[in-house]
There are 2 protein chains.
Amino acid sequence: MAQKKRTTKRSLGPETSPELDALVREIIERVADKWTMLVIEALAEHGTLRFTAVGEKVGGISQKMLTKTLRQMEADGLVTRTVLPVIPPHVEYDLTDMGFELGKAFCGVWIWAEKYQKAIAKSRAEFGRRAAAMPRVRAL
Amino acid sequence: MAQKKRTTKRSLGPETSPELDALVREIIERVADKWTMLVIEALAEHGTLRFTAVGEKVGGISQKMLTKTLRQMEADGLVTRTVLPVIPPHVEYDLTDMGFELGKAFCGVWIWAEKYQKAIAKSRAEFGRRAAAMPRVRAL
DNA sequence: TTTCACACTTTCCTTTTGGTAAGTATGGCG
DNA sequence: CGCCATACTTACCAAAAGGAAAGTGTGAAA
């Protein structure tokens, strides 16, 4: 009942050009993968970390995915990778300013999720109840 | 050269409890899929849209994924679904306030992408060049 | 009677994702 | 000599994602 009827357009921000649009989509897809944000979070929280340490802080990630994620982030300029010439090898990962900024940008989503978690749970429950005994389309 | 050395911790925002952490991760994973954000964008830009219209505005989405995405968004309370009892059937989709807020929250990422698109392209190009003739680990 | 519009649903099948586990390279130590 | 640590890489395989296309239901129009 608290939901007002609304059919008007609302802008989400600055206008988007078609090419930028495509680029942003691609970036969002990349960034929205399960691990990238968690790696950013780990590095932002703990500062410089070595390969294995990143994996530990993130938790539940396989070596393969950790390598892949870090490599991609390095390519995109989100992290720096520093090899210390010692044996056994030490490799340090660190957030770039750009990577840190991305983390901050994502904070908005984090806060949103926090704010609406109750509402989401409620909505899902209601939807489940409704779905139990209702057809999707009913004409007249 | 413009990148300063940094090994200090930096906070991304409010502290996170372990359980909230997991919940928020799940929500972000759901929300951050390829299509959800694009549907939000379409609805925020154009206002109320019918099923087929959403698909057109989003572009490149299959019926199957459109249905699935809209259903999920409806369950989560991001959109409302209104069936007009006419034949052939009309179904209208509209952003809820919560959905719109999510769009706004995601704007930060959008802006980030816009700001750093050049830097990303450059970083990728350099990475490609470097990768062409450099081993990943080299001791002493 | 066939056709059409619309919003799906379903089936089939290919592509992608991602985990597990084993392998690689290096040099110091016992 | 074999073993260790570290940061990967590779091969194999199972599961999930997702596209294409055909089918569904309704009533009006041709």
Side-chain angles (χ1 to χ4, degrees), chain A residues 25-26 28-39 42-43 48-75 79-94 127 130-131 134-140, chain B residues 25-26 29-39 42-43 48-75 79-94 127 130-132 134-140:
Chain A
R25 282 184 193 196
E26 194 227 307
I28 288 177
E29 265 182 72
R30 283 194 141 170
V31 147
D33 78 43
K34 193 174 171 183
W35 301 116
T36 302
M37 280 314 301
L38 300 179
V39 169
L43 287 172
T48 306
L49 289 176
R50 288 170 50 191
F51 182 80
T52 313
V54 177
E56 281 161 9
K57 300 302 177 192
V58 168
I61 186 170
S62 66
Q63 275 196 337
K64 183 177 153 184
M65 287 312 292
L66 182 55
T67 304
K68 193 180 161 192
T69 303
L70 284 171
R71 189 82 72 250
Q72 174 119 39
M73 292 175 74
E74 192 196 349
V79 298
T80 56
R81 177 177 179 274
T82 312
V83 179
L84 305 185
V86 297
I87 285 184
H90 283 205
V91 180
E92 291 184 346
Y93 291 93
D94 205 352
F127 184 81
R130 254 181 293 139
M134 250 171 75
R136 299 297 300 175
V137 178
R138 168 77 49 178
L140 298 180
Chain B
R25 280 184 195 194
E26 191 230 308
E29 263 182 74
R30 280 196 141 168
V31 143
D33 77 47
K34 189 176 174 183
W35 299 118
T36 302
M37 282 313 302
L38 300 179
V39 169
L43 287 172
T48 305
L49 289 176
R50 288 171 50 191
F51 182 81
T52 313
V54 177
E56 282 161 8
K57 300 301 178 192
V58 168
I61 188 171
S62 67
Q63 277 196 334
K64 182 178 154 184
M65 287 313 293
L66 183 56
T67 304
K68 192 180 161 193
T69 303
L70 285 171
R71 189 82 73 252
Q72 172 118 30
M73 293 175 73
E74 192 196 349
V79 298
T80 56
R81 178 178 178 272
T82 312
V83 180
L84 306 185
V86 297
I87 286 186
H90 282 205
V91 179
E92 291 184 346
Y93 290 93
D94 206 353
F127 184 82
R130 253 181 295 141
M134 250 172 74
R136 299 296 301 174
V137 177
R138 169 75 51 181
L140 299 179

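In this text the structure is predicted, and so the values were computed from the model without any measurement. To find a chain, count down the sequence lines: A is the first, B the second, and so on, and within it residues start at 1.
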**Report entry** Proximal nucleotide (of D:dA7, C:dG18, C:dT9) relative to the A:P89 side chain
**Finding:** D:dA7

Using atom names, set out every protein N or O paired with an N or O of nucleotides 13-15 of chain C below 3.5 Å, distance rounded to 0.1 Å.
none

Requested in this report: Ignoring the backbone of B:Y93, work out which of C:dC6, D:dA7, C:dC8 is nearest its side chain.
Outcome: C:dC8

Donor-acceptor contacts under 3.5 Å from residues 50-59 of chain B side chains, at least two apart:
residue : atom : partner : partner atom : Å
B:R50   : NH1  : B:H90   : ND1          : 3.1
B:R50   : NH1  : B:H90   : NE2          : 3.2
B:R50   : NH2  : B:H90   : NE2          : 3.0

Query raised in the report: Could you state the CG-P distance from B:L38 to D:dG18, rounded to the nearest angstrom?
Result: 12 Å

Report summary line: Taken to the nearest whole Å, CD/B:E74 to C1'/C:dA7 is 13 Å

Requested in this report: Give the nucleotide from the list D:dC8, D:dG19, D:dG18 with an atom nearest to the side chain of B:S62.
Outcome: D:dG19

Query raised in the report: What residues form a side chain to side chain donor-acceptor pair (under 3.5 Å) with B:T36, not counting sequence neighbours?
Result: B:D33

Query raised in the report: Of the nucleotides D:dG19, C:dC8, D:dA5, which one has an atom closest to the side chain of A:P88?
Result: D:dA5

Report summary line: Ordered by number, residues from residues 49-61 of chain A within less than 4.0 Å of DNA chain C (heavy atoms) are none

Query raised in the report: For the helix from C:dT1-D:dA30 to C:dG30-D:dC1, how many degrees between its two end axes (five pairs per end), to the nearest 10°?
Result: 50°

Query raised in the report: Taking only N and O in the side chain of A:R81, is any of them less than 4.0 Å away from OP1 or OP2 of D:dC8?
Result: yes

Query raised in the report: Looking only at side chains, do B:T48 and B:D94 share a donor and an acceptor under 3.5 Å apart?
Result: yes

